[in-house]
Amino acid sequence: MSEAELHVLRARLLGGIRNKAARGELHRGLPVGLVRGDADGEVLLHPDESVQAAIHAVFDRFAEFGSARRVWLWFRSQGLRFPLHSNSLVDLRWVAPTYTKIHQVLTNPFYAGVYVYGRTQQTCYLDAGGRIRKRIRQRDREQWPVFIRDIMPDTSIGIPSRRTRSAWRRTSVLDRTRAGVP
């Protein structure tokens, strides 16, 4: 194959990925506490009640404290463990929670039933030595190419609604830290 053919093939594959994402059908890994159901596109809470309790505790404590850091400190002071899930692990592991994990749970749109694609953007640049490097940057919410609300219609799962999370964002430390305000 020539380089031109490889370029066209790659462009078509990326176009297919983008089209699938635009329909909300691109299934990537789910955040901790959520699993795929038997039906196509079905997302359910993890069947383990201790995993559900840990995720609910994050949102409940955030509603009480209004700060991701205070939620993390509460988990540490109580000696609670947090479920760790990754693509390389078959089973969940229980670990000491980190601030990053707590923050990721609070800022992940999927918990509010929103499907997003394109939260980050990868760019290539030349470093001082002339080598090609890749840089990944977070996009602003308004620049996300795909944003589909109510992807999880079951509101009885106990995770705060999008409206509740939006109210938290307006008053919480989550957006102030993102905007660079101390």
Side-chain angles (χ1 to χ4, degrees), residues 21 24 26-37 42-87 89 92-122 135-182:
L26 182 64
H27 300 302
R28 300 261 172 127
L30 291 173
V32 67
L34 299 175
V35 294
R36 298 243 178 248
E42 183 181 27
V43 176
L44 306 169
L45 282 178
H46 197 282
D48 188 344
E49 289 182 10
S50 58
V51 174
Q52 293 178 28
I55 298 301
H56 289 298
V58 171
F59 288 109
D60 292 343
R61 294 295 79 80
F62 187 77
E64 180 182 342
F65 301 140
S67 163
R69 183 175 184 279
R70 289 188 62 199
V71 172
W72 171 62
L73 291 173
W74 179 83
F75 263 85
R76 287 185 52 198
S77 71
Q78 299 296 315
L80 298 175
R81 310 290 277 171
F82 198 74
L84 174 67
H85 168 76
S86 73
N87 295 333
L89 297 174
L92 285 173
R93 284 188 329 176
W94 290 87
V95 298
T98 62
Y99 172 79
T100 303
K101 278 296 172 195
I102 299 295
H103 189 269
Q104 285 174 349
V105 168
L106 290 169
T107 57
N108 192 323
F110 214 95
Y111 289 111
V114 177
Y115 178 87
V116 297
Y117 177 80
R119 289 171 45 177
T120 59
Q121 181 176 16
Q122 180 176 317
R135 176 182 296 136
I136 297 176
R137 292 194 172 158
Q138 296 285 327
R139 290 180 175 166
D140 291 333
R141 192 173 300 138
E142 301 80 33
Q143 295 176 338
W144 294 348
V146 177
F147 188 94
I148 303 172
R149 297 181 196 280
D150 303 323
I151 199 77
M152 292 186 339
D154 183 12
T155 57
S156 65
I157 62 175
I159 294 175
S161 68
R162 188 173 16 90
R163 179 175 294 150
T164 302
R165 288 170 50 97
S166 294
W168 286 350
R169 262 190 225 102
R170 285 192 297 273
T171 61
S172 76
V173 75
L174 294 177
D175 274 350
R176 288 191 302 247
T177 56
R178 227 184 229 169
V181 176

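This chain uses plain numbering: 1 for the first residue, then up along the sequence.
Residues G37 and L44 come closest through the heavy atom pair CA-CD1, 3.9 Å. What you find for P83 and W94 is that their closest heavy atoms are CD-CZ3, 3.4 Å. Nearest approach of R81 to A96, heavy atoms of both residues: NH1-N, 3.4 Å. Summarising the geometry of T120 relative to Q138, their closest heavy-atom pair is CG2-NE2, 3.5 Å, with the distance given to 0.1 Å. Of all heavy-atom pairs between F75 and A57, the closest is CZ-CB, 4.0 Å.
Enclosure of atom CD in Q78 by more than 12 non-hydrogen atoms of other residues, nucleotides or ligands within 6.0 angstrom is indicated.
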- Message: Test side-chain contact (heavy atoms from CB on, under 4.5 Å) on R61 and R70; report intermediate values, then the result.
- Response: CA-CA 8 Å; R61 294 295 79 80; R70 289 188 62 199; over 6 Å; no

- Message: Let's go through H46 and V32 carefully: what are the C-alpha distance in whole Å and the side-chain angles of both, what is the deciding distance for side-chain contact (heavy atoms from CB on, under 4.5 Å) to 0.1 Å, and is it a yes or a no?
- Response: CA-CA 8 Å; H46 197 282; V32 67; over 6 Å; no

- Task: Step by step, work out the side-chain contact (heavy atoms from CB on, under 4.5 Å) result for I102 and V58.
- Result: CA-CA 7 Å; I102 299 295; V58 171; 3.9 Å; yes

- Item | Stepwise side-chain contact (heavy atoms from CB on, under 4.5 Å) check, L84 with L92 | CA-CA 6 Å; L84 174 67; L92 285 173; over 6 Å; no

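Using a 4.5 Å heavy-atom threshold, the side chains of L34 and H85 count as separate. No side-chain heavy atom of I136 sits under 4.5 Å from any side-chain heavy atom of Q121. The shortest distance between side-chain heavy atoms of Y111 and L106 does not fall below 4.5 Å. Using a 4.5 Å heavy-atom threshold, the side chains of K101 and T98 count as touching. Between I55 and F82 there is a side-chain heavy-atom pair separated by less than 4.5 Å. Y99 is not listed as a side-chain neighbour of L73, based on a closest heavy-atom distance of 4.5 Å or more. Looking at heavy atoms from C-beta onward, P31 lies out of side-chain contact with V105 at the 4.5 angstrom threshold.
Looking at N108, its side chain does come within 3.5 Å of a backbone N or O of F110 through a donor-acceptor pair. Looking at Y115, its side chain does come within 3.5 Å of a backbone N or O of L26 through a donor-acceptor pair.
Rounding to the nearest 0.5 angstrom, the gap separating the NE2 atom in H103 from the CZ atom in F62 is 8.5 Å.
For R119 and W144, the positive end sits near the middle of the six-membered ring, less than 6.0 Å away and at most 45° from its axis. Cation-pi geometry between R76 and W72 is satisfied (NZ or CZ under 6.0 Å from the ring centre, within 45° of the ring normal).
Between Y117 and F147, a ring centre-to-centre spacing not shorter than 6.0 Å is recorded.
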